[in-house]
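Have a look at the structure below before the remarks.
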Amino acid sequence: MKRIPYYAALACGCLAVVACSSEKKTKITMKPYPQTAKVDVTDNYHGTVVADPYRWLEDDNSPETAAWVAAENEVTFDYLSQIPYRTAIETRLTELWNYEKVSSPRQVGDYYFVFRNDGLQNQSVLYILDSLEDDDPEVFLDPNALSPDGTVALSSIAFSKDGKYMAYGLAQSGSDWVTVYVKEIPTGRTLSDEVHWLKFSGPSWAADSQGFYYQGYEKPTAGAELSGKNQFQKVYYHRIGTPQSEDKVIYADPEHPLRYNNGSDDGEMGKWLFVEISAGTSGKELRFKKADSREPFRILREGFSNEYMIAKVIGDYAYIYTNEDAPNYRLIRVDLNNPTDPEQVILPEHPDNLLQSVRFVGDHLIAIYMQDAASRVYQYTTEGKPVREVELPGIGTAGGFSGEDDATEVFYTFSSFIAPPSVYRYDLATGTSTLYARPEVAFDPEEYMTEQIFFTSKDGTQVPMFVSYRKGLKMNGKNPTYVYGYGGFNAPLTPGFNPNNIAIMEQGGIYVSVNLRGGNEYGEKWHRAGMLDKKQNVFDDFIAACEYLIDHKYTSRDKLAIAGGSNGGLLVGACMTQRPDLFAVAFPQVGVLDMLRYHLFTVGWGWAVEYGSSDDPEQFAYIYKYSPLHNIKAGTCYPATMITTGDHDDRVVPAHSFKFAATLQEAQGCDRPVLIRIESNAGHGAGKPTSKRIAEAADMQSFFFWNTDSDYRTIE
């Protein structure tokens, strides 16, 4: 075991005073769960017959499902309303969220753009500035003005190369469906252009700034917008001032309906066109051709065993970010006129650190690496010659570093678990960072600390986790502890700020983030060690982390909560069904919980490369062993559970959570509650309004503290 002190370098804000009063524990009177009807439905998976008695809950449009949702929410919110300190928690969370949030400025032509949120605005507002010293910026786009409850969110923005236009995508009620609009930058006028039915795609401007590329689907069947399978994605070109019906199809593949196709040109001269193709959430193929050619696209890098991304095109050379022959990733350069010639390695693979991303800015490139899940940033020439390491303010997560080709400076953000993002201005010539914006928060970051701990998983693998708490906290096994994990899809969990976690630590609680296998904290090998038939490693890692925390007196089983969203919801569902004795509270959030049918809805088919599919006999065997829905055992005492989902979640459809809740409520073998909280006008999480985030966090923390029998002290 290795323990590393891990302190944030940022400190500002005011000191919170804790009053010593606590609410006396009273008993909550629960309403009975709804009587959920069962149907006689079974499926035969390669000789194994599996019952699915709550199949009817998959119909998100039926009045029966709507009535069930209303009845479940009535039970849930009645329970939560009886927790005596729930209002106090929401009040304190509102105070902690109420700080100004500022993004890194971005220069576009003669203007700068920056996002700001005054603290409690449901959506951040985009401002336009004449200069960085402009103390009276003008609102350029305010999503809050587009809906009364803040449920219209800005999903993406893209600026044309000539600085004349901004294309932007809007999503409603948390859905992944996006509609793109266009604003003229000098006048602020919204044009007539509207492009509908995009998903997992934003606009990519053509080099001539006369139009943009996008990835779109045909209009879905009425009633199936949020649950129907998404197929036949095409790459289109939209010319400014024309209707969507005239958009040109740039690339389509009718023989492979279940693929993602992402297209653009070179962004420089418009000489080359590219398509990045994937058959799921990992593995790509690159195709290309000359823009003026009528020939079909040619293969530049064959799929789908590796990752490829066009980072930049300069002249006839493509810079490609890839893990081909490099599990920790590298940057190569390919001659598009002679694509079979050996590539030139610009940034070779680092043996220990993951190359997370590359930014071309000015006449340099900025490489963001990850070392033990924390950022390290280096500056190079475009030929890969080292210039310097960027001196960061501390150990944490850095992001940004985007800029124009003629830029002499860039901006970046830096954050940690105990301090919100501050914005820094970086001089490319001198390597000097200067503070541009730092938020003032309603707590003192100096009162808290984070340590990084390496623990041993079931198979002997060393796995890191970050443990954050108030300085001076006694490790006596009595601390309420909230453990968060994800562990999948090549996605890392790096240090990041969330006001909700401060609210836990203020109460003598501990917040833990575990870097499970399945993510990419240590490159593609780490990812592959937690996917397909090795998915159980992820659950073993999470369980081992919790056992370590108990064994070393950070907490105890009666004080321990686990949480995770989406793939992390699967993680929580699997761990609570495999080790129900280990946890007091479980929060499976928007989780993939029915592993046998996930691939039948919206874009679930794309996850088969990560999980496997029940259509395959071998893959069915290992999926069925851990599928949370199918491993609930009647009469078992499961943790106090609050399942969360949204009625507009069209990524992990809410049927996963509905069926899991109904099954768990019937099976629960003790008096611990099983609740499901179903948010209206909300989806998978992206774009959720601040007000809904605070309300959901207040409900979850109330449930957490109550069901770990922890005192709650008001903050004055």
Side-chain angles (χ1 to χ4, degrees), residues 28-43 45 49-82 223 226-227 569-570 572-574 576-577 580 585-598 600-601 604 614 624 627-650 652-680 682 696 699-700 703 707:
I28 288 179
T29 303
M30 274 195 66
K31 290 187 174 183
Y33 301 127
Q35 293 295 315
T36 308
K38 290 185 174 183
V39 294
D40 185 16
V41 174
T42 60
D43 296 296
Y45 294 95
V49 177
V50 180
D52 194 4
Y54 301 119
R55 177 75 60 86
W56 62 274
L57 286 169
E58 293 179 355
D59 185 353
D60 57 323
N61 293 307
S62 76
E64 292 81 9
T65 300
W68 182 88
V69 166
E72 288 285 356
N73 269 343
E74 184 178 352
V75 172
T76 296
F77 290 112
D78 179 73
Y79 179 98
L80 295 169
S81 70
Q82 296 180 60
L226 299 180
S227 59
L570 162 62
V572 172
M576 65 179 284
T577 52
V585 176
F587 293 108
Q589 301 171 265
V590 293
V592 187
L593 300 165
D594 182 350
M595 295 303 298
L596 303 187
R597 290 177 59 79
Y598 74 83
L600 302 179
F601 303 97
S614 61
Y624 189 45
S627 177
L629 177 64
H630 302 97
N631 283 277
I632 297 172
K633 296 177 175 61
T636 301
C637 183
Y638 289 101
T641 302
M642 182 190 289
I643 303 154
T644 63
T645 188
D647 65 354
H648 279 65
D649 191 342
D650 50 356
V652 180
V653 294
H656 285 272
S657 296
F658 294 172
K659 290 161 63 173
F660 188 73
T663 305
L664 191 62
Q665 285 175 350
E666 182 185 34
Q668 179 65 297
C670 57
D671 62 357
R672 288 176 168 179
V674 175
L675 306 180
I676 179 168
R677 185 187 189 278
I678 306 155
E679 185 76 74
S680 61
E696 182 180 60
D699 288 340
M700 292 176 65
F703 190 84
N707 286 286

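When reading the values below, keep in mind they use all heavy atoms of this one structure, side chains included, and skip hydrogens, waters and symmetry mates.
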task = Could you please spell out the steps behind the side-chain contact (heavy atoms from CB on, under 4.5 Å) verdict for Leu675 and Glu72?
result = CA-CA 8 Å; Leu675 306 180; Glu72 288 285 356; over 6 Å; no
Using modelled atom types and a 3.5 Å cut-off, is there a donor and acceptor pairing between side-chain atoms of [X] and backbone atoms of [Y]?
X      : Y      : value
Trp68  : Phe658 : no
Tyr33  : Val674 : yes
His656 : Asp594 : yes
Tyr638 : Lys633 : yes
Asn73  : Ile678 : yes

How long is the straight-line distance from [atom2] of [Y] back to [atom1] of [X], given to the nearest 0.5 Å?
X      : Y      : atom1 : atom2 : value
Phe587 : Glu696 : CZ    : CD    : 10.0 Å
Phe660 : Thr577 : CZ    : OG1   : 6.0 Å
Asn631 : Met595 : CG    : CE    : 11.5 Å

Where [X] and [Y] come nearest, the two heavy atoms and their spacing:
X      : Y      : answer
Thr29  : Asp78  : O-OD2, 3.9 Å
Pro588 : Val572 : N-CG1, 3.8 Å
Arg672 : Cys637 : CD-SG, 4.1 Å
Ser627 : Leu596 : OG-N, 4.5 Å
Glu666 : Tyr54  : OE1-OH, 3.3 Å

4.5 Å side-chain heavy-atom contact, [X] and [Y]:
X      : Y      : result
Thr42  : Val50  : no
Val585 : Pro639 : no
Asp43  : Arg55  : yes
Ile632 : Met576 : no
Ser614 : Tyr598 : no
Ser657 : Thr644 : no
Leu57  : Thr36  : yes
Leu629 : Thr663 : yes

query = Where do Ile643 and Arg677 land on the side-chain contact (heavy atoms from CB on, under 4.5 Å) test, with the steps shown first?
reply = CA-CA 6 Å; Ile643 303 154; Arg677 185 187 189 278; over 6 Å; no
Under the side-chain hydrogen bond (donor to acceptor under 3.5 Å, both in side chains) test, residues paired with [X] that sit two or more places apart:
X     : answer
Ser62 : Thr65
Glu58 : Arg597, Lys659
Glu74 : Lys31

message = If you apply the rule side-chain contact (heavy atoms from CB on, under 4.5 Å), what do you find for Glu679 with Asp647, and how did you get there?
response = CA-CA 6 Å; Glu679 185 76 74; Asp647 65 354; over 6 Å; no
ask   = Would Met642 and Gln589 count as a side-chain contact (heavy atoms from CB on, under 4.5 Å) if you check the C-alpha gap in whole Å, the side-chain angles of each, and the deciding distance to 0.1 Å?
value = CA-CA 8 Å; Met642 182 190 289; Gln589 301 171 265; over 6 Å; no
task = Can you spot which of Val75, Thr641, Asn707, Thr76 makes a side-chain contact (heavy atoms from CB on, under 4.5 Å) with Pro673?
result = Asn707
